Amino acid sequence: MPILIKGARVIDPGNLDRVSDVLISKGVIEAVQPAGTLESAGDAVEVIDGEGLWLTPGLIDMHVHFREPGQEHKETILTGSRAAVAGGFTAVATMPNTDPVNDDPAITTLMLNKAAEAGLVRLYPVAAISKGIKGEQLCEFGELKAAGAIGVSDDGRPVMNGQLMRRALEYAAAFNLLVVSHCEDLHLAEGGAMNEGANATRMGLGGIPNASESVMVMRDIALAQLTGARVHIAHVSTRESVAAIRKAKEEGVPVTAETAPHYFTLTDAAVEGYNTNAKMNPPLRSEQDRQAIRQGLADGTLDVIATDHAPHSVLEKEVEFDLAANGIIGLETSLPLSLRLVEEGVLTIEVLIQCMSTGPARILGLESGVRVGLPADLTLIDPAEVYSVNAADFRSKSRNTPFEGMQLSRAVMTIVGGKVVYDRKKDE
Amino acid sequence: MPLERKDILDIESLSQQEIQLILDTAESMKEISERPIKKVPTLRGKTVILFFYEPSTRTRMSFDLAAKRLSADSLSISANVSSLVKGETLLDTARTLEAMHPDVVVLRHAYSGAPRFLAGHLRASVINAGDGTHAHPSQALLDMLTVRQEKGTLEGLKIAIVGDIAHSRVARSNIEGFTKMGSQVVVAGPPTMMPRGIESLGAKVAGTIEDAVEGADVVMMLRIQKERQKRFAMATEREYACQYGLNRKRVSLAKPDAVILHPGPINRGVEITPDVADGPRSLILDQVTNGVAVRMALLFLVLGGSRNANSD
């Protein structure tokens with residue numbers, strides 16, 4: 001049935017910011033008109049009252065871990081998809097560090113089939129750079145691309161070998177595959193469990209210096225310069241990385257970058273009390289770094305907000321801090337936390353939607369927008385309603401979040417290909 | 001005055017008054033160890049489990065003697081010989097212990113924060129006997145007791161702590177403890193062993209061992225571990241001894257009545273020369289004696305004893 005969304009403020013960066021009526025039919029956007037000018041043609045159209053709501057291009061999270069195959073006790077493609085659409089996302093890119101690793105077209109195909117079965121979010125698998133993400137042998141990028149991979153990454157582990165990274169950039173360019181780099185010098189990070197600094201020293205936890213990230217960011221920028229191939233830097237957490245990427249962009253190096261909501265929301269003070277839900281890699285950094293991340297988003301140095309959604313069960317988190325797994329879930333808190341940046345005046349809503357939709361779409365080579373003829377992937381946000389984050393209500397299979405109890409706003413409806421895949425009213 | 005807390009997890013969480021209470025209580029416990037019959041019935045019927053996930057001889061013996069001299073039943077478990085620990089999480093271990101109704105669990109653990117984790121899951125009191133590189137409160141308390149006995153006060157003293165500060169829970173707890181009691185702590189060591197932000201605990205960082213020791217009332221040397229070579233924190237033991245070891249010449253920079261402390265076990269000839277370790281200013285063996293008294297005080301106080309109660 002066609003859908004008519006009436007009277008929502010359409011925010012489509014670079015295209016439109018106006019209270020409008022939007023008609024969706026046969027999976028695509030059929031009309032976008034000023035509010036009050038589109039009338040429903042009788043009972044054959046589902047009308048959604050958009051008054052007071054924001055209607056944006058569907059949000060895209062280009063960095064998630066769905067754990068299937070191999071660690072289904074943490075998340076599955078089905079539960080991850082439910083979490084994604086509940087968070088307002090219409091598309092996600094899944095990282096390859098499953099078990100087995102997504103280094104083979106059969107795994108890529110399995111993921112796509114499972115996502116199709118779930119029928120909720122568009123899933124774009126990122127395959128591995130190296131076999132088994134071991135950093136030894138290049139994967140068959142051509143085969144992986146043919147199976148549906150949208151990019152390659154050894155995420156979860158860095159590509160420590162500079163020669164392998166160079167060749168991966170060159171080879172991926174031949175297939176127009178995006179290379180996503182997890183920047184971490186394992187030698188510098190060795191023995192670390194949190195950000196290096198006074199908090200780590202006081203708590204007696206091993207420190208991970210900012211340089212463990214930024215030296216690899218600088219290496220990858222140099223390799224992008226050398227090869228002319230583009231590189232995307234994952235989960236930027238330090239001020240030095242932001243500065244290096246800013247300078248590289250000024251010089252025209254083909255580099256893009258993402259950060260995650262926890263890096264612009266929290267600092268390493270959140271680890272207090274050995275809170276394993278504040279343990280991730282890269283770690284939460286200092287206030288100076290947090291400010292630099294916010295500035296980097298505001299000035300366009302950082303193109304994308306992505307969650308690094310990393311589900312873990314209590315088995316991996318209710319343990320000694322040193323033994324706890326890295327990572328937190330993010331799909332259901334990403335938009336809410338990002339909306340705070342608008343509220344606090346760090347970003348305009350237009351820049352925020354760039355970071356969460358049109359930006360990642362451009363980098364991944366996808367379409368995103370509220371324009372006639374485009375697939376109807378849309379997100380409806382209620383900026384006025386405030387709710388209290390309650391992990392027990394999450395659709396994700398896991399509960400590892402440090403944001404419990406925060407008062408935030410959120411998405412109320414998610415539409416993928418013209419189909420309502422999430423409706424908060426029906427959900428509650 | 002009783003101690004109003006279930007657990008002793010670190011020095012950071014103790015107030016100056018609480019430290020004072022523990023030291024005063026320990027003072028009164030010392031005499032018990034000097035009697036011909038070294039036992040009082042104070043903790044009769046109480047169960048103390050000594051849970052040591054890391055090898056330790058002196059701390060475990062010290063807690064064991066402390067429990068026995070107060071007539072508590074003490075039971076010692078080591079991780080390497082215990083089937084309780086094999087493949088079991090700390091949470092399951094906590095639940096198993098809880099089911100046995102101990103009154104106190106003394107925990108030594110390789111990971112920082114483990115005692116706090118255990119304390120959150122146990123009704124019994126938890127005393128931290130050293131966790132990772134975080135804290136070693138009973139060691140800091142016995143060090144403070146030793147210095148207070150010698151100097152009469154902790155106020156206004158200069159305490160030099162020299163060695164691998166980064167990997168030392170003893171250093172962290174002593175910095176926090178002595179600073180709380182009014183001393184000024186100065187730390188020194190190779191920059192490779194100096195953790196970022198140590199100043200935030202209250203310590204001053206000296207550029208050289210000479211600067212740290214100069215005019216000090218107390219010089220505390222830390223044990224250096226050869227394994228530090230693996231991650232490039234030091235070159236050789238020989239060079240370490242030359243650059244950062246305590247010898248007579250360096251001791252002469254301290255106050256004439258300065259005393260020497262070392263938490264043990266000592267690497268003779270590495271961080272400290274034998275003549276200094278065995279010399280007249282060394283209080284290393286007093287530390288061991290005071291360790292039993294401090295641990296008796298901790299067991300007594302966490303089990304609800306009060307300083308003025310008749311401990312006989």
Side-chain angles (χ1 to χ4, degrees), chain A residues 73 185-213 238-240 267-279 283-289 312-326 399-400, chain B residues 9-13 53-54 85 87-95 107 109-121 128 130-137 165-173 175-176 187 193-203 205 227-228 230-233:
Chain A
H73 71 286
D185 183 318
L186 291 175
H187 298 299
L188 281 171
E190 193 188 340
M194 69 176 287
N195 184 44
E196 182 171 301
N199 284 320
T201 294
R202 190 169 45 79
M203 294 172 71
L205 293 170
I208 301 170
N210 281 17
S212 67
E213 174 179 298
T238 75
R239 56 190 186 276
E240 294 86 355
T267 67
D268 64 359
V271 179
E272 185 61 45
Y274 303 91
N275 178 8
T276 56
N277 282 336
K279 184 182 181 187
L284 295 171
R285 301 288 187 180
S286 69
E287 178 60 19
Q288 262 180 300
D289 294 299
H312 292 293
S313 76
V314 289
L315 295 176
E316 293 84 23
K317 286 292 193 182
E318 262 196 32
V319 294
E320 297 89 322
F321 193 87
D322 281 285
L323 300 180
N326 282 309
R399 300 283 175 262
N400 50 316
Chain B
L9 302 179
D10 49 37
I11 296 291
E12 192 191 359
S13 56
Y53 273 79
E54 255 189 355
V85 182
E88 189 178 78
T89 65
L90 189 55
L91 183 59
D92 283 325
T93 301
R95 287 174 176 151
L107 181 72
H109 203 285
Y111 294 120
S112 299
R116 184 181 169 126
F117 181 93
L118 197 69
H121 290 95
N128 180 5
D131 62 329
T133 53
H134 171 231
H136 198 343
I165 309 294
H167 292 92
S168 179
R169 53 192 173 214
V170 174
R172 281 172 179 74
S173 287
I175 291 168
E176 289 169 340
V187 295
M193 297 178 178
M194 197 58 68
R196 291 290 165 99
I198 191 73
E199 300 87 349
S200 68
L201 271 64
V205 179
E227 303 91 81
R228 298 296 168 232
K230 268 185 239 154
R231 283 176 60 195
F232 320 116

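This structure is a prediction, so every number in the text was calculated from the model and none was measured. Proteins get letters first, then strands, A, B, ... in listed order; numbering begins at 1 in each.
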Nearest non-hydrogen partners of Ser112(B) and Gly204(A), listed with the distance: OG-O, 2.5 Å
With chain B as the partner, which of Gly206(A), Gly207(A), Gly273(A) has the greatest number of non-hydrogen pairs under 4.5 Å? Gly273(A)
The interface call for Leu315(A) against chain B, heavy-atom contacts under 4.5 Å, is neither
Atom group of Leu201(B) that falls short of 4.5 Å from chain A, counting heavy atoms: side chain
Thr201(A) side chain to Arg196(B) main-chain N or O, any donor-acceptor pair under 3.5 Å? yes
Going from CG on Leu323(A) to OG1 on Thr89(B), what distance comes out if it is rounded to the nearest 0.5 angstrom? 10.5 Å
Heavy atoms only: give me the nearest Asp322(A)-Tyr111(B) pair and the separation to one decimal. CB-CD2, 3.2 Å
Between Glu199(B), His109(B), Arg169(B), who has the most heavy-atom pairs with chain A when the cutoff is under 4.5 Å? His109(B)
Would you check, one step at a time, whether the test side-chain contact (heavy atoms from CB on, under 4.5 Å) holds for Tyr274(A) with His134(B)? CA-CA 11 Å; Tyr274(A) 303 91; His134(B) 171 231; 3.1 Å; yes
Chain A heavy atoms under 4.5 Å from Arg172(B): which part of the residue, side chain, backbone, both or neither? side chain
Using non-hydrogen atoms and a limit below 4.5 Å, what part of residues 185-196 of chain A faces chain B? Glu190(A), Gly191(A), Glu196(A)
Sort His167(B) into side chain, backbone, both or neither according to what part of it lies under 4.5 angstrom from a heavy atom of chain A. neither
Interatomic distance, Glu12(B) atom CD to Met203(A) atom CE [nearest 0.5 angstrom]: 9.0 Å
Nearest 0.5 Å please: distance from the CZ atom of Arg202(A) over to the CD1 atom of Ile175(B). 13.0 Å
